[in-house]
> 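First, the structure itself, so that you have it in front of you.
Reminder, nothing fancy here: chain letters follow the sequence lines and each chain counts from 1.
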Amino acid sequence: MGKTRRNFLAGLARSKGFCVENTLSSNVTHIVAEDNPADELWLWLQKQGIADLDKINVLDISWFTQSMSAGRPIPVEVQHRIEDALEVLAENYELIESVGPCLGFKKAASVLKSLPVPVRSIRDVEGLPCLGPETMAVIEDIFEFGSSSKVEDVLKDERYQTLKIFTSVFGVGPKTAEKWYRQGLRNLTQIVSDSTIHLNNMQKAGFQYYDDISKPVSKAEAEALSRIIVEIAGCVNPEVTVTLTGGFRRGKEFGHDVDFLLHVPGPGKEDGLLPAVIDRLRSQGVLLYLDFQESTFDISKLPSCRFEAMDHFQKCFLILKLKKEQVVGQQVEQRCGKDWKAVRVDLVAPPAECYPFALLGWSGSTVRDERSCIK
DNA sequence: CGGCATACG
DNA sequence: CGTA
DNA sequence: GCCG
């Protein structure tokens, strides 16, 4: 998180009698992360060579705020650890392209996440769906030892670590990552300096804007982008409404991209909207990357199955140049250097009659099962 | 033992 | 093959 | 890996 915010939070915590360290040591028991994913942090911790990794808790900001109001560190449920562990296993299987096991661990993790009551003992998870012998073994280990050796091994695995780095590039999936790994490549510098590797357009953009795109997008940045899209869409057609969807609509403070739903009242009016918006973005010089997808939406063929149809609306995946001065509460101190940030943006333009469903679909969770429940 | 979402570029 |  |  930013230096200013970190100092503020640290001051707050110290005033409540918490002991806040600025550097990592074996005394550290709790690590609060605001925008780094937990598994990324575990990876980093692994490399720091700390003795008792299982004594350390990686927590999000909600733990921090709750602990502040309680005046003491609230106990960390084992549940978080278990969920993290299962997600590490799922990700590992995704990277080595074992679809089945990947799905199995993903489902197990999401079952635990969806529980209304915190898990206190092994008995609380007995009989739950999608928790088979493998998953139960991991859960038991974490209850007993605070960690699972199976998960620790994955985190230490060079292949896992390298594939994770490679697939962190926009446009690079497990197949490409594995290919590079088999060629003996181990980091991103080796990839970009290898003249025999030919990147496609998506990957070129992925490397070109890697630093920016890898950073989380703040709510203030999403709102700045919202103003830009509203402005442009309004020029194309004054009747257009722009809705911020995805994680930010669900109230999240950070995201990895920004999703917008463009809506024009009246049937068929959405035609040509996206291309016109894109043209204006391009002429303003803020369009860094474009992947446009034609709609294949045909309501006559999909009369009742609206959520599946939702995926076929006109949409585009973009990388936009966001000027820092356009972001509220962001002072640009350097007169030299870059005064903008590259951000991943998705635009969707559903036919008018599908707008309510599209809004639901893009605001909800990405997990398919949860969408089906809405249906 | 097969299935695990799906469509687009 | 990679994205959502 | 888990389910049907």
> Using atom C1' in both nucleotides, what's the gap between B/dA7 and D/dG1 to the nearest angstrom?
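Approximately 27 Å lies between the C1' atom of B/dA7 and that of D/dG1.
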
> Any cation-pi pair here, A/Lys321 with A/Trp340, using under 6.0 Å and within 45°?
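Yes, A/Lys321 lies over the aromatic ring of A/Trp340.
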
> May I have the distance from A/Lys315 (atom NZ) to B/dG9 (atom C1'), rounded to whole angstrom?
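After rounding, the gap between these two atoms is 11 Å.
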
> For the pair A/Phe166 and A/Trp180, name the ring-plane relationship: parallel under 30°, tilted 30 to 60°, perpendicular over 60°.
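Rings of A/Phe166 and A/Trp180: perpendicular, over 60°.
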
> Could you tell me how far C/dT3 sits from B/dA5 if I compare only their C1' atoms? Round to whole Å.
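The answer is 14 Å between these two C1' atoms.
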
> From the set C/dA4, D/dC2, C/dT3, return the single nucleotide nearest to any side-chain atom of A/Pro133.
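Minimum distance to the A/Pro133 side chain belongs to D/dC2.
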
> Rounded to the Å, how far apart are A/Phe105 CZ and D/dC3 C1'?
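Spelled out: CZ on A/Phe105 to C1' on D/dC3 is 15 Å.
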
> Over all strands shown, is A/Gly171 touching base, sugar-phosphate only, or nothing at heavy-atom distances under 4.0 angstrom?
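Contact class for A/Gly171: sugar-phosphate only.
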
> Testing the 3.5 Å rule here: is there a donor-acceptor pair between the side chains of A/Ser214 and A/Tyr209?
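No, A/Tyr209 and A/Ser214 have no side-chain donor paired with an acceptor closer than 3.5 Å.
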
> Using a heavy-atom cut-off of 4.0 Å across all strands, would you classify A/Phe170 as base, sugar-phosphate, or nothing?
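Answer is sugar-phosphate: A/Phe170 comes under 4.0 Å of backbone atoms only.
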
> Out of B/dG9, C/dT3, D/dG1, which has the shortest distance to the side chain of A/Asp291?
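Selected nucleotide: B/dG9.
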
> Can you check the A/Leu103 CG to D/dC3 P distance for me, whole Å?
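Roughly 12 Å, once rounded to whole Å.
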
> Does A/Asp346 reach a base, just sugar-phosphate, or nothing at all? Heavy atoms under 4.0 Å.
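Counting heavy atoms under 4.0 Å across all strands, the contact made by A/Asp346 is with sugar-phosphate only.
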
> Among C/dA4, B/dC4, C/dC1, which nucleotide has an atom closest to any side-chain atom of A/Lys175?
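The answer is C/dC1, which lies nearest to the side chain.
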
> Does a donor on one side chain and an acceptor on the other come within less than 3.5 Å for A/Tyr289 and A/Gln208?
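Absent: no donor and acceptor within the cut-off.
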
> Between C/dT3, D/dC3, D/dG1, which nucleotide has the shortest distance from any of its atoms to the side chain of A/Arg344?
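Closest nucleotide among those given: C/dT3.
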
> Take the protein atom CG of A/Leu131 and the nucleotide atom P of D/dC2, then report the distance between them rounded to whole Å.
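Roughly 8 Å, once rounded to whole Å.
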
> When you check the phosphate oxygens OP1 and OP2 of D/dG1, does a side-chain N or O of A/Ser98 lie under 4.0 Å from one of them?
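For D/dG1, OP1/OP2 do not have a side-chain N/O of A/Ser98 under 4.0 Å.
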
> Will you find, in the side chains of A/Tyr355 and A/Thr241, an N or O donor that is under 3.5 Å from an N or O acceptor?
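No - no donor-acceptor pair under 3.5 Å links their side chains.
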
> I need the NZ-P distance between A/Lys106 and B/dA5, as an integer number of Å.
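Going from A/Lys106 (NZ) to B/dA5 (P), I get 9 Å.
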
> Check the distance between B/dC4's P and A/Tyr93's OH and give it to me in whole angstrom.
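For the pair A/Tyr93 OH and B/dC4 P, the rounded distance is 21 Å.
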
